[in-house]
Amino acid sequence: MPRAVKAKSLQNTRTVALARGLVGKVLARQRPGGRVERHRITEVEAYDGESDLACHASKGRTPRTEVLYRPGGVWYVYLCYGIHEMVNLVTGPVGYPAAVLIRGVEGISGPGRLTKRLAIGRQLNGVAATRASGLWVEDDGFVVPTGALRTGPRIGVDYADAEWAGKPWRFWMKL
DNA sequence: ACAAGGATACCT
DNA sequence: GGTATCCTTGTC
């Protein structure tokens, strides 16, 4: 029986380790009719603190990034390139801006496609990642097979300083 | 290879 | 009030 991942477990500062652990977990989405869809998370990226130049909060607290400073366990959804919504799970204790970008789930690759297919938009920005909100994370006991977990640099962050753009904070599993 | 597309942040 | 930039995608 799958169990929801508790917000409390997202409120520590080990965001990179948290991101790695989210690969293989389940993204659950309640549809308007009440039906629940479950998608296994295959690819994520960690964004960790104001010192991380690829993190939106590297420029400090703004109306957009305010959500990142909240205690872990809420969604951060923003618009990129004017077209695509990106969904992140906020992590860290209150006052520490960090999040995990969900880049892909099984059968859907690409963060923009993912949000489109699951009808995730900015209406979920700042909303708690609980079953009641309609979008949450579950652990169904699945274990990523040994050797299937891959690590590499994050995508689309070349604008950041090479030191940060090169950090191996993208995690995915080879299916 | 590249345009589309709109919010955001940072100027003047 | 103007402009550069952005955690992308589909079509060229």
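Throughout, a chain's letter reflects where its sequence line sits, starting with A, and its residues are numbered from 1.
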To the nearest Å, give me how far apart [atom1] ([X]) and [atom2] ([N]) are.
X        : N     : atom1 : atom2 : result
A:Met86  : C:dT5 : CE    : C1'   : 14 Å
A:Ile83  : C:dC6 : CD1   : P     : 16 Å
A:Glu85  : C:dC6 : CD    : P     : 19 Å
A:Tyr47  : C:dC6 : OH    : C1'   : 11 Å
A:Asn125 : B:dA7 : CG    : P     : 14 Å
A:Tyr81  : C:dT9 : OH    : P     : 10 Å
A:Leu79  : B:dA4 : CG    : C1'   : 12 Å
A:Arg117 : C:dT9 : CZ    : P     : 13 Å

- Note on the structure: Against the side chain of A:Thr62, the closest entry in C:dT9, C:dC7, B:dA9 is B:dA9
- A:Cys80 has a side chain; which of C:dT9, C:dC6, B:dA9 sits nearest to it? C:dC6
When you check the phosphate oxygens OP1 and OP2 of [N], does a side-chain N or O of [X] lie under 4.0 Å from one of them?
X        : N     : answer
A:Arg170 : C:dC7 : no
A:Tyr159 : C:dC7 : yes
A:His56  : C:dC7 : yes

Sugar-phosphate, base or nothing in reach of [X], heavy atoms under 4.0 Å:
X        : result
A:Leu101 : base
A:Arg64  : sugar-phosphate
A:Arg122 : sugar-phosphate

Grab the two heavy atoms, one from [X] and one from [Y], that are nearest each other, plus how far apart they are.
X        : Y        : value
A:Ala119 : A:Arg29  : O-NH2, 2.8 Å
A:Asp52  : A:Trp169 : OD2-CZ3, 3.5 Å
A:Glu163 : A:Lys167 : O-CG, 3.4 Å
A:Ala128 : A:Ser133 : O-OG, 2.7 Å
A:Thr42  : A:Val23  : O-CG1, 4.1 Å

- Does the base of C:dC7 carry an N or O that pairs as donor and acceptor with the side chain of A:Tyr78 under 3.5 Å? yes
- Just by distance, do the side chain of A:Thr65 and the backbone of A:Leu68 share a donor-acceptor pair under 3.5 Å? no
- For residues A:Tyr96 and A:Gln11, is any side-chain donor paired with an opposing acceptor at under 3.5 Å? no
- Base-paired stems in DNA chain B, each at least three Watson-Crick or G-U pairs under 3.5 Å: B:1-4 with C:8-11, B:6-11 with C:1-6
